[in-house]
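A short worksheet on the structure shown next.
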Number of protein chains: 2
Amino acid sequence: MSNPTLRQISMLELIPRAPRKTYTKKLKEQLSDRGYDVDERTIQRDLVSLERVLPLICDDRDKPYGWSWTEEGLGIQAPAMDPIEALTISLAEQYLEPIMPKASFKRIGYFFKRANNVLKDTSPRLINRWRNRVRVLPEMLRFKNPILNKSAEQALYKATFEGQQIRALYRKRGDTKSSLRHIHPLGLVMKGSINYLICMMDEDKENPRYLPLHRFESVEILDEKIREPKDFDLDEFTHTNNLSFEYSKKLYTFKALFDFTAAAHLMETPLNGTQKIEKKIDGRLLVSARMTDTLQFEQWLKSFGADVEILEPKKLRDKFKKLASDLTEKYF
Amino acid sequence: MSNPTLRQISMLELIPRAPRKTYTKKLKEQLSDRGYDVDERTIQRDLVSLERVLPLICDDRDKPYGWSWTEEGLGIQAPAMDPIEALTISLAEQYLEPIMPKASFKRIGYFFKRANNVLKDTSPRLINRWRNRVRVLPEMLRFKNPILNKSAEQALYKATFEGQQIRALYRKRGDTKSSLRHIHPLGLVMKGSINYLICMMDEDKENPRYLPLHRFESVEILDEKIREPKDFDLDEFTHTNNLSFEYSKKLYTFKALFDFTAAAHLMETPLNGTQKIEKKIDGRLLVSARMTDTLQFEQWLKSFGADVEILEPKKLRDKFKKLASDLTEKYF
DNA sequence: TTCCACAGCGACATAATCTGTCGCTTCTTG
DNA sequence: CAAGAAGCGACAGATTATGTCGCTGTGGAA
């Protein structure tokens, strides 16, 4: 089909958003790859005519002119979002906002803007109601995010993605000054308010380390591929270094008596599929489940204070026994 | 400008995704609103010619034919995502997946699909590396999500959005059978694995209630606007009903001694802007901050076990004193 | 400087297309 | 069965799209 419409749509999809640009030559090639064999002159004409009606800009300071979509221009999206979809996205926005790195969140902001535009168009009164009537609440205490250097962060992402070595100014915990290091990035781990770079450093050529992103002061991407330990497995690494706790392999049978009101929610949101629950005569709930042995689970139990009595495993019960005496010692 | 390209792009934006459809008549009007005054015949021709090259479908079982984009078709997006943007979105996907209602997450899945497509095109090797090298780890214990009825959930969303009354089969906590209720939805609150409908019920015409979505068995949207209490404020409601804890207004000055290793992270991710931290001679950290009086904060403190000693406020210290004796009583 | 390559642009002629109109057909509905 | 609605084929004239060519200005190399 030699329909100009399709060719022009393809072309519009090939034009990047400012500040990146593309050029007629490049467009000609890319369009040719997609089966549109046209003269460069035609592309020029198309660009000029589309520029008049769409938020395109042409950088004519240098001579192959550089074409891009304007930074904030709305572009084209078909099919348009329907209202329910837009609502869902605006909900996703509420979920993401507090937990995602600020810079990343901003980068996809135009997308949320588009969703909100759709909602505005359909019915400003309804969208307002939605705004006022839906909340995503934090499940737990949120800490302040560490301050981090945006350009360093971006560079770390890029280097990890492309597998390039870096040279970076990194400040060790406790140190006030940062020092220059040569690093092979292996991966990224986001956990709560802290994100970590998993990497090899010159000090230890065997074992990867994890470094919080906010301790990087500046990052320079080197023109050299990373050297990685063979069979490196990020999940295994996070597990053995206590970053993750989902994949722990040690299992035990857990049994405890919970105060009814404090643990009633376990009836509807069980710990996992193995959980069993039984109401005792004194009103307490006997909960049992196969659990992995993790720090987080212990912390969760401790947060119940005196509303839980651990029965099994004995080791865990002993820990709580010790906790009781430790606390007594502290406060009496 | 009588350029067919632009008109056709506009038209593509006006065609909804299946199962919704649109019709030539309707398109003619909408295009006319946008300044494209063309014959219906032209629109028909455009549709047929675009159908051949784009994932459009025409439902010709009935006679104004219904046009839509196919359910999974990729549509048009310009400007295209650049790779970094696509990475960011694929990261957002990792953040959202565990915490967002499954149905909602699926609804915007096409968007993540698009991002992943961009990445695949740029470099399949790199995207694979990214997949293997980036993890979003849960910060805390995740419970199993309650099972919920998808159509009921969708209806609750819709009714809340549109402000319509509903008639629903709702199962009270503890009950095995559900009963029919007449409800005025006021809002939605998502908190961890449980989502709540805030609403007025016939039993109590004064005070809103909150009902977990997973206890709804079926929902029928009525053709009647909700009656809402005047000056209803969702934030105030969540606050007074202990759903949220961020906006509590009671403030106190908190002081405690933390074990160094257990609380070192507070130096980088402070509780809030008012936090002060001081290293004592015995190695412990004296942390002080203005805090709101919330259950969650107390739970967080309890999760430290014997690694924290509360100094102020006295009330809180007393609670921990009582905790110590309660635990001793339980375990000795 | 001069020369050359490159990119953009205007002009032009022709082929290709786009589009409104009309009339026929098919289907539904009362 | 009549009327109306929607789709579709055909047609013709107007419009547009496109390749080609040659001119111009710019910038770098000789």
Side-chain angles (χ1 to χ4, degrees), chain A residues 1-16 18-54 56-70 76 78, chain B residues 1-16 18-54 56-70 76 78:
Chain A
M1 160 158 259
S2 64
N3 190 327
T5 304
L6 226 46
R7 169 168 45 79
Q8 293 188 12
I9 289 175
S10 297
M11 196 176 75
L12 287 171
E13 287 185 311
L14 290 170
I15 298 173
R20 295 165 68 221
K21 355 178 187 169
T22 191
Y23 309 89
T24 40
K25 264 260 166 68
K26 198 170 161 200
L27 284 171
K28 179 180 161 71
E29 265 180 46
Q30 291 177 300
L31 285 174
S32 171
D33 288 347
R34 296 172 182 225
Y36 304 104
D37 252 313
V38 283
D39 200 90
E40 252 176 83
R41 186 73 188 94
T42 298
I43 293 173
Q44 283 177 15
R45 277 191 286 241
D46 284 349
L47 284 169
V48 172
S49 79
L50 290 170
E51 185 193 16
R52 275 197 296 245
V53 286
L54 290 171
L56 297 178
I57 43 168
C58 172
D59 176 1
D60 55 4
R61 286 171 304 181
D62 281 314
K63 247 248 157 133
Y65 292 177
W67 291 88
S68 22
W69 286 84
T70 59
I76 299 170
Chain B
M1 161 160 258
S2 65
N3 190 329
T5 303
L6 226 45
R7 169 169 45 82
Q8 294 188 12
I9 289 175
S10 296
M11 197 177 73
L12 288 171
E13 288 185 309
L14 290 170
I15 299 172
R20 296 165 67 222
K21 352 177 186 171
T22 191
Y23 309 91
T24 41
K25 263 263 168 65
K26 197 170 160 199
L27 284 172
K28 180 181 160 71
E29 265 180 46
Q30 291 177 301
L31 285 175
S32 173
D33 288 347
R34 298 177 179 219
Y36 304 102
D37 253 313
V38 283
D39 200 89
E40 254 178 80
R41 186 74 188 92
T42 298
I43 293 173
Q44 284 177 14
R45 278 191 286 241
D46 283 349
L47 284 168
V48 173
S49 78
L50 289 170
E51 184 193 17
R52 275 197 297 246
V53 286
L54 290 173
L56 296 179
I57 43 169
C58 172
D59 176 1
D60 54 5
R61 286 170 305 181
D62 282 313
K63 246 264 148 123
Y65 292 177
W67 291 88
S68 23
W69 286 85
T70 59
I76 299 171

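Throughout, protein chains are lettered first and strands after them, A, B, ... in sequence-line order, and every chain is numbered starting at 1. Quantities reported herein were computed from a predicted structural model and do not represent experimental measurements.
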Among the nucleotides D:dC8, C:dG8, D:dG19, whichever has the atom closest to the side chain of A:Gln44 is C:dG8

- Query: Just wondering, more than 12 heavy atoms not from B:Glu29 lying within 6.0 Å of its CD?
  - Reply: no

Query raised in the report: Is the base of C:dG10 touched by the side chain of A:Arg45 through a donor-acceptor pair closer than 3.5 angstrom?
Result: no

dist B:Arg41:CZ -> B:Arg45:CZ (nearest 0.5 Å) comes out at 5.0 Å

Result for 5'-nearest mapping on DNA chain D, choosing between B:Lys25 and B:Arg41, is B:Lys25

Quick note, A:Pro4 side chain, CB onward, closest among C:dC18, D:dT20, C:dG20 is C:dC18

**Request:** Examine C:dG8: is either OP1 or OP2 under 4.0 Å from a nitrogen or oxygen in the side chain of A:Thr24? Give yes or no.
**Result:** yes

Winner on side-chain proximity to A:Tyr65, out of C:dC9, D:dT20, D:dA17, is C:dC9

Side chain to side chain contact (heavy atoms under 4.5 Å, CB included) test vs A:Leu27 passes for just one of A:Asp46, A:Ile43, A:Val38, namely A:Ile43

Against the side chain of A:Arg7, the closest entry in D:dG19, C:dG10, D:dA17 is D:dA17

Assert: residue with more 5' nearest nucleotide on DNA chain D, out of B:Pro64 and A:Glu40, is B:Pro64

Would the number of heavy atoms belonging to other residues, nucleotides or ligands and lying under 6.0 Å from CD of A:Glu51 be above 12? yes

